[in-house]
Amino acid sequence: MTFGRLEFASLRIGQKLAVHYFAVAMVLFLAQMLFGLLAAWQFLDPAFLFGVLDFNVNRMVHINAMVVWMLYGFIGSIYWLVEDEAGVPLAGPRIAKAAFWVFTVAVTIVVVVYLFVQSGPGDAWTLWLINEGREYIEAPRWADIGIVVCMLAIFYNVAGTFLAGRWSGISGVLVLDLVALAGLYLAGMFYTTNLPMDQYWWWWVIHLWVEATWEVLVGCIMAWGLIKTLGARRRIVTTWLYIEVALMFGSGILGLGHHYFWIGTPEYWLGVGGFFSALEPIPLVAMVVHAVYDAGRHAFRANNHPALAWLIAHAFGNFLGAGVWGFMQTLPQINLYTHGTQWSSSHGHLAFFGAYVTIIVAMIYVAVQRLRGNAWMSAGLQGGWRWKWALGLTHLGMMGMTVALLIAGYEQSFVERAIGGSTWQAYFEGQTQPWFVEAMWWRMAFGVLMTFGVVLLLWDLVRIGVGEKRPMKVVGGLDDVEETGSGPVPEGSAAG
Amino acid sequence: MAEGADEPRREWWASEDFWRKCAIFVTGFMALVLVMLTFHTLTVIEAGSEAGRVPAYSVINHRIGYEFDEQRNFAVPVIGPPAPLFGEMLSEEEARRLVDHGKLTVQARNCMNCHTLLGNGAYYAPDLTKAWLDPGWGNEAAREILMTRFLDDPIANARTFGTGRRMPDPNLTEAELRGVIAYLKWMSAIDTNGFPHGFTPLPQGPLTGGGR
Ligand code: HEM
Ligand code: HEM
Ligand SMILES: [Fe+2]
């Protein structure tokens, strides 16, 4: 066998597609970083690119690139594991390829229009062709329809493959979750004059994606990832997955109410939203316990160190960014002051990074290992400093930005909201306080640091394993007896 | 715990089957509750519904206040006597069309990626929930003129309070501009459970007499 060579030709069909999706995802990740830097710089120098690429354009590209590349990352991950999990070749490979290209061309057109057309007259045509003007789901309606069609195609591939092959706990959850995820997108595809009505459904997409269906999707990926990198036992992992689904949907579905405090919706949402969203950190704690328990139980003997490290980072990042940072502002008594301030931005950054960037990167490392002909990626890896530094720099940069934004958010809630009564003047008083201004500089500095980390990460992804002669470490022998179901129950497995 | 079970190999709480059922039941139940609450909420937030939380579009024909409500213990919008926008009393349908044009324009010009609306959006520029009532406009008589002038040329009329942050010119047509102001006026009359807290509107005439 030769290592360090790209073994693209020997991949399964789904895996080849996954590599395509991952590649586009990483390009968009870099674009997201660059537009984030532009927007952040405009906080410091508002004249920068004024009238050329205004803040709203940069920010829109920043967050849309994020949403899209994460979807690419998820779709890639699913294509990567579907044939392995089902035990049969991908159903409908032609359709799958077409969906990839249609999706990618559509995304390209949307971005070009965002950058060069930017906005249009106040009529329905603009919403159909240029920009829908609703945060996170700005994509014009024609692209929405394109996305739905691609999603249907992808769903056909995934469900079709499992139907032809074998089902498992993971695939069952995955397929049902995909139905919900795609269905929810429809809630964001209409126009209404009524702003509370608009925001009511808008949050169905945003919240029920990130705090329900995306969480469960990454739960499936995590389950599969632990089996692959550690050789964790399927029965335990699947049981955990069900527990997480119960806890996540149990809290996250009604937790939606934490966005219905102040948008004109009835007062009962203060109680419903406050209560259920306050429970949302529980499944995230469960996920940490699960991942750390499994990793510890296998004494961290993994065949892919970078992937395992990013999986662990996912468990902690999800808990910290979504669980802790989300909880901090989720009770209505607090949210009254923090709503619509840099607090949300602080939480939004750490949550998306901790919960979703991490696990997608982990899956890409899994894929890269296979691409390198299942090369050694455990201890003593050649050029191993790269992935470690990339991991360190991205995390340091993200934590730095998060803390800077949190400080700015505290100050803003205090000066603008609590004391100033949220007038325009109070807003600007908040924005000119030294605490705020300095925090914006720190955010910029840590943003640059994180960008270095991302560049290093991309470099590592194309270089890791090159020249590596040792084959992949074998894992999972630990529990072979148990897997047959006839052995004794090892201690601790009950809690698994 | 699972005393009576035939196969006591696994405690019930460690069994895959138990948690699968649990996941299905919990998800179904929560989704059902959400759907029921949604049906109720949708009737409440219909513009002009009896609940009075989201006003009819013709509210732009009236003066709008924001006053402390003893019973609810926070400030709520108060709909006052007629004070037609741009001096024109509009029918419900005309008002709806004007506000609609405003909302379309706000979406088409991507305002939400700098501002927040009802607190949602971006944090580069002030919240627009109570923009119509902002004391920055001085007083009731000057407001329409100043707002029109500002939205017509936000660069020349910028007040950046030392941040240097100006609003780019959205190049609004006359009709779009009127629509946007109507939309903002209507928005300021939405009952937001006391958000933003502690907000004091600009000085206006009396709110009693002739209200709806
Ligand atoms: C991975 C999961 C999560 C992600 C990616 C995420 C992301 C976000 C983002 C981006 C926003 C800002 C939305 C905007 O632009 O207006 C937001 C708002 C919010 N999130 Fe999360 N979140 C997650 C989980 C959670 C959890 C678990 C909680 C509660 C425990 C939470 C509580 C909140 C609250 C209360 C707000 C509203 C902030 C406001 O008042 O505007 N989030 N979230
Ligand atoms: C170079 C690093 C980055 C910089 C400089 C940066 C900068 C920014 C800026 C200036 C905004 C606008 C905030 C506002 O409206 O005031 C923003 C929004 C946002 N960014 Fe980033 N960003 C970076 C990386 C990231 C990453 C890695 C993620 C997630 C994975 C992310 C997710 C978001 C989200 C979710 C929002 C919307 C937040 C909200 O509305 O509450 N950003 N970013
Ligand atoms: Fe949420």
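Just so it is clear, the model here is predicted, and its values are computed rather than measured.
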Bottom line for A/Trp201: the part with an atom under 4.5 Å from chain B's heavy atoms is side chain
Heavy-atom contact with chain A under 4.5 Å, split by part of B/Leu202: neither
Is A/Pro121 in contact with chain B via its backbone, its side chain, both, or neither, using a 4.5 Å heavy-atom distance? both
Minimum heavy-atom separation for A/Ser422 to B/Phe199, with atom names? O-CD1, 3.9 Å
Under 3.5 Å, is there a donor-acceptor pair between the A/Tyr268 and B/Thr41 side chains? yes
To the nearest 0.5 Å, atom CG of B/Asp169 lies from atom CG of A/Asp54 at 10.0 Å
Residues A/Phe276 and B/Met30: closest non-hydrogen pair is CE2-CE, 3.9 Å
Most contacts with chain B, counted as non-hydrogen pairs under 4.5 angstrom, among A/Thr423, A/Thr432, A/Val245: A/Thr423
Could you tell me whether B/Glu50 atom CD has more than 12 heavy atoms of other residues or ligands within 6.0 Å of it? no
Do other residues, nucleotides or ligands put more than 12 heavy atoms under 6.0 Å from the CZ atom of B/Phe74? yes
Closest non-hydrogen atom pair, A/Tyr200 against B/Thr38: OH-OG1, 2.6 Å
In terms of heavy-atom pairs under 4.5 Å with chain A, which of B/Leu172, B/Asp17, B/Val54, B/Thr200 leads? B/Val54
Of the backbone (N, CA, C, O) and the side chain (C-beta and beyond), which part of A/Leu241 lies under 4.5 Å from a heavy atom of chain B, both, or neither? neither
With only heavy atoms counted, which part of B/Tyr183 is less than 4.5 Å from chain A, the side chain, the backbone, both or neither? side chain
Going by heavy atoms in the side chains, are A/Arg417 and B/His197 under 4.5 Å from each other? no
Measuring heavy-atom distances to chain B, does A/Phe436 have an atom under 4.5 Å in its side chain, in its backbone, in both, or in neither? side chain
Examine whether an atom of A/Gln42 lies under 4.5 Å from a heavy atom of chain B, and if so say whether it belongs to the side chain, the backbone or both; otherwise answer neither. both
Which heavy atom of B/Asn120 sits nearest to which heavy atom of A/His339, and what is that distance? OD1-CE1, 3.3 Å
Looking at A/Met248, A/His259, A/Gln199, A/Arg134, which has the largest count of heavy-atom pairs under 4.5 Å with chain B? A/Gln199
Would A/Trp262 and B/Thr129 count as having a side-chain donor-acceptor pair, cut-off 3.5 Å? no
Residue among B/Gly102, B/Gly198, B/Cys111, B/Gly119 with most heavy-atom pairs under 4.5 Å to chain A: B/Gly119
Per-residue contact mode, A/Leu256 against chain B (heavy atom under 4.5 angstrom): side chain
B/Met112 side, atom CE; A/Arg59 side, atom CZ - distance, nearest 0.5 Å: 8.5 Å
Heavy atoms only: give me the nearest B/Phe195-A/Leu336 pair and the separation to one decimal. CD1-O, 3.8 Å
A/Trp424 side chain reached by B/Leu128 side chain, heavy atoms, under 4.5 Å: yes
Sub-4.5 Å side-chain heavy-atom contact between B/Pro135 and A/Gln425: no
If one checks every heavy atom of B/Arg72 against chain A at 4.5 Å, the contacting part turns out to be side chain
Side chain, backbone, both or neither: which part of A/Thr126 has a heavy atom under 4.5 Å from chain B? side chain
Which portion of A/Trp125 sits near chain B, non-hydrogen atoms under 4.5 angstrom: neither
Heavy-atom side-chain contact between A/Gln118 and B/Asn110 under 4.5 Å: no
When heavy-atom pairs shorter than 4.5 Å are enumerated against chain B, which of A/Pro332, A/Ser119, A/Gly250, A/Pro266 gives the highest number? A/Pro266
From A/Thr239 OG1 over to B/Phe18 CZ, what is the distance, rounded to the nearest 0.5 angstrom? 11.5 Å
Sort out for me which of B/Met187, B/Glu176, B/Lys130, B/Lys103 touches chain A most, counting heavy-atom pairs under 4.5 Å. B/Lys103
Pick from A/Tyr337, A/Tyr191, A/Trp269, A/Trp202 with the largest number of heavy-atom pairs that fall under 4.5 Å of chain B: A/Tyr191
Side chain to side chain contact (heavy atoms under 4.5 Å, CB included) partner of B/Asn193, chosen from A/Thr265, A/Leu270, A/Ile263: A/Leu270
Ranking B/Val180, B/Leu133, B/Ile24, B/Leu117 by heavy-atom pairs under 4.5 Å to chain A gives rank one to B/Leu117
Of all heavy-atom pairs between A/Phe249 and B/Thr27, which one has the smallest distance, and what is that distance? CD1-OG1, 3.3 Å
Where the side chain of B/Arg165 meets the backbone of A/Pro46, is there a donor-acceptor pair that is under 3.5 Å apart? no
B/Thr173 versus chain A, the contacting section by heavy-atom distance below 4.5 Å: neither
Can you find a heavy atom in the side chain of B/Thr163 that is under 4.5 Å from one in the side chain of A/Phe43? no
Please examine the side chains of B/Tyr123 and A/Thr341, heavy atoms only from C-beta on, and report whether any two atoms are closer than 4.5 Å. no
Can you say whether the rings of B/Tyr124 and A/Phe55 are parallel (under 30°), tilted (30 to 60°) or perpendicular (over 60°)? parallel
In Å, rounded to the nearest 0.5 Å, how long is the span from CZ of B/Arg109 to CD1 of A/Ile130? 9.5 Å
Atom group of B/Phe29 that falls short of 4.5 Å from chain A, counting heavy atoms: neither
Of the listed residues (B/Ile190, B/Asn113, B/Val33), which shares the most heavy-atom pairs with chain A below a 4.5 Å separation? B/Asn113
Check whether B/Ala131 gets within reach of chain A through its side chain, its backbone, both or neither, counting any heavy atom under 4.5 Å. both
Relative to chain A, which of B/Thr105, B/Ile45, B/Leu37 shows the most heavy atom pairs under 4.5 Å? B/Ile45
Could you tell me if the side chain of B/Glu16 sits less than 4.5 Å from the side chain of A/Tyr242, heavy atoms only? yes
Counting only non-hydrogen atoms closer than 4.5 Å, does A/Asn58 touch chain B with its backbone (N, CA, C, O), its side chain (CB onward), both, or neither? neither
Over 12 foreign heavy atoms within 6.0 Å of CZ, B/Phe86: yes
Against chain B, label A/Leu176 side chain, backbone, both or neither, depending on which of its atoms sit under 4.5 Å from a heavy atom there. neither
Quick one: NE2 on B/His115 to CD on A/Glu135, what's the gap to the nearest 0.5 Å? 13.5 Å
Heavy-atom cut-off 4.5 Å, strictly under: side chain, backbone, both or neither for A/Ile253 against chain B? both
Interatomic spacing from CG in B/Asp100 to OG1 in A/Thr192 - rounded to 0.5 Å: 8.0 Å
Bottom line for A/Gln412: the part with an atom under 4.5 Å from chain B's heavy atoms is neither
Tell me, side chain or backbone of A/Leu247 under 4.5 Å from chain B's heavy atoms, or both, or neither? neither
Pick from A/Asn194, A/Leu208, A/Val437 with the largest number of heavy-atom pairs that fall under 4.5 Å of chain B: A/Asn194
